[in-house]
Amino acid sequence: RKMSGLVKLDELGEHHVLESASSEDIDLDAKTEELKQGELHLFCGTWNLHGKSAPYENIIAFIPVGRYDLYAIGVQECERSVEASIIMPSSKQGWEDNLQKAMSPDYVLIGARSFGAVHLSVWIRQELNRLVSDVQIDHVSVGIGNMLNNKGGIGVAFLLGSTSCLFITSHLAAGHHNTVARNDDFHRINTKLFANTPIGTTFDKPVTTLFDRAFWMGDLNYRIEGDKAAIENLIKSNKLDFLRPHDQLTMAKKRGKAFVGFKEGKLTFPPTYKFDAGTSNYDTSVKARIPAWTDRVLWRPSHHIEQLEYNCCKDNTYSDHRPVYAAFTVQYFIGPHTERDERVRVRKPWAPCGCQCNIL
């Protein structure tokens with residue numbers, strides 16, 4: 001079955017594929033209640049591009065196409081800086097052209113959207129696409145006045161068989177001392193995303209709690225508390241154990257301020273921000289920013305999810321951020337399945353919301 005490529009829909013920069021599998025396409029015996037289970041390998045990646053569009057060579061160095069069944073790729077400051085995106089949002093055409101070239105014909109685009117300088121796309125192996133249905137896409141602004149598109153989050157949601165999946169990428173408030181603003185941005189995205197669709201109107205709960213599998217990646221902008229020189233010396237000595245307790249996101253989770261209930265792999269790689277672009281040197285500008293793990297991948301824990309790897313691409317020096325990725329095995333189900341009663345009730349009204357965010 002031939003699938004479309006990236007098809008422009010509207011000024012939001014949203015794209016979709018032209019076909020979607022229905023439940024009738026899935027090989028199930030309708031007369032039985034037998035549960036069928038599958039497992040796939042997932043790659044979640046996030047990269048702040050520093051206002052540029054990555055060349056093809058840098059993309060394939062970041063994304064190991066062919067190794068995984070499902071890819072969720074979030075980028076920030078794509079083709080425009082945060083400031084420039086307010087005035088002139090990018091179409092992300094350069095990024096999308098190179099990304100589609102990298103993904104090869106073996107993968108189908110489930111859904112994608114651009115919002116300001118943020119972009120999210122989710123791809124699946126061609127032979128698994130028949131299990132995908134009910135795709136919905138939404139975005140939330142957390143920019144100036146919660147109106148402008150300089151910062152925000154994008155979500156792509158769909159059913160894989162009978163398992164509901166959600167992928168979010170976001171770019172949260174910047175600034176070393178803006179932890180409270182970052183926490184607020186997280187809560188706004190988690191409560192407003194899909195709020196005007198059947199997903200959000202069914203239950204007054206954070207959207208990530210309504211899905212069987214939920215992943216969140218992005219430039220979350222949380223910093224490390226401490227002295228720049230001391231932190232850089234600890235990084236050079238590979239004494240990251242001394243840095244992790246001072247990471248603002250780690251502290252926010254521990255204090256119940258943000259990302260409560262989310263899981264993250266151990267930070268065994270060095271801070272991914274901020275570098276002098278094209279080098280491995282942390283910021284030597286007059287701003288002298290303190291190194292930080294700004295770029296993260298988290299997920300809602302489930303015994304059906306196992307993380308295999310969590311790392312950054314240390315040698316990919318194209319941007320002032322290093323790309324970060326996480327790999328997982330994810331189990332999904334085909335046929336009647338109830339992980340939580342409320343999630344089954346969420347699926348029943350999951351219907352086209354009438355906007356352009358739906359697969360046709």
Quiz prompt | side chain to side chain contact (heavy atoms under 4.5 Å, CB included) assessment of W216 paired with V297 | solution = CA-CA 6 Å; W216 194 311; V297 181; over 6 Å; no
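- The cationic group of K52 lies under 6.0 Å from the six-membered ring centre of Y318 and within 45° of the ring axis, placing it in a cation-pi geometry.
- Between Y325 and F43, the two ring planes are parallel [angle under 30°; tilted spans 30° to 60°].
- Side-chain atoms of T46 and D295 include no donor-acceptor pair closer than 3.5 Å.
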Practice problem: Given side chain to side chain contact (heavy atoms under 4.5 Å, CB included), test H41 with L70 step by step and report yes or no. | Solution: CA-CA 6 Å; H41 289 86; L70 185 64; over 6 Å; no
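- Taking the centre and axis of the six-membered ring of F259, the NZ or CZ atom of K253 falls outside the cone set by 45° and 6.0 Å.
- Going from atom CG of N48 over to atom CD of E77 covers 4.0 Å, rounded to the nearest 0.5 Å.
- E96 and H119 share a donor-acceptor pair across their side chains, judged by distance under 3.5 Å alone.
- Between W47 and F62, the ring planes lie perpendicular to each other; the angle is over 60°, past the 30° to 60° tilted range.
- Shown are D283, I235, L243; of these, the side-chain contact (heavy atoms from CB on, under 4.5 Å) with P291 is made only by I235.
- In this structure, the ring of W293 has its center no less than 6.0 angstrom from the ring center of Y222.
- Taking the six-membered ring for Trp, F333 and H304 have ring centres closer than 6.0 Å.
- The cationic atom of R289 (NZ for Lys, CZ for Arg) does not lie both less than 6.0 Å from the six-membered ring centre of Y273 and within 45° of the ring axis.
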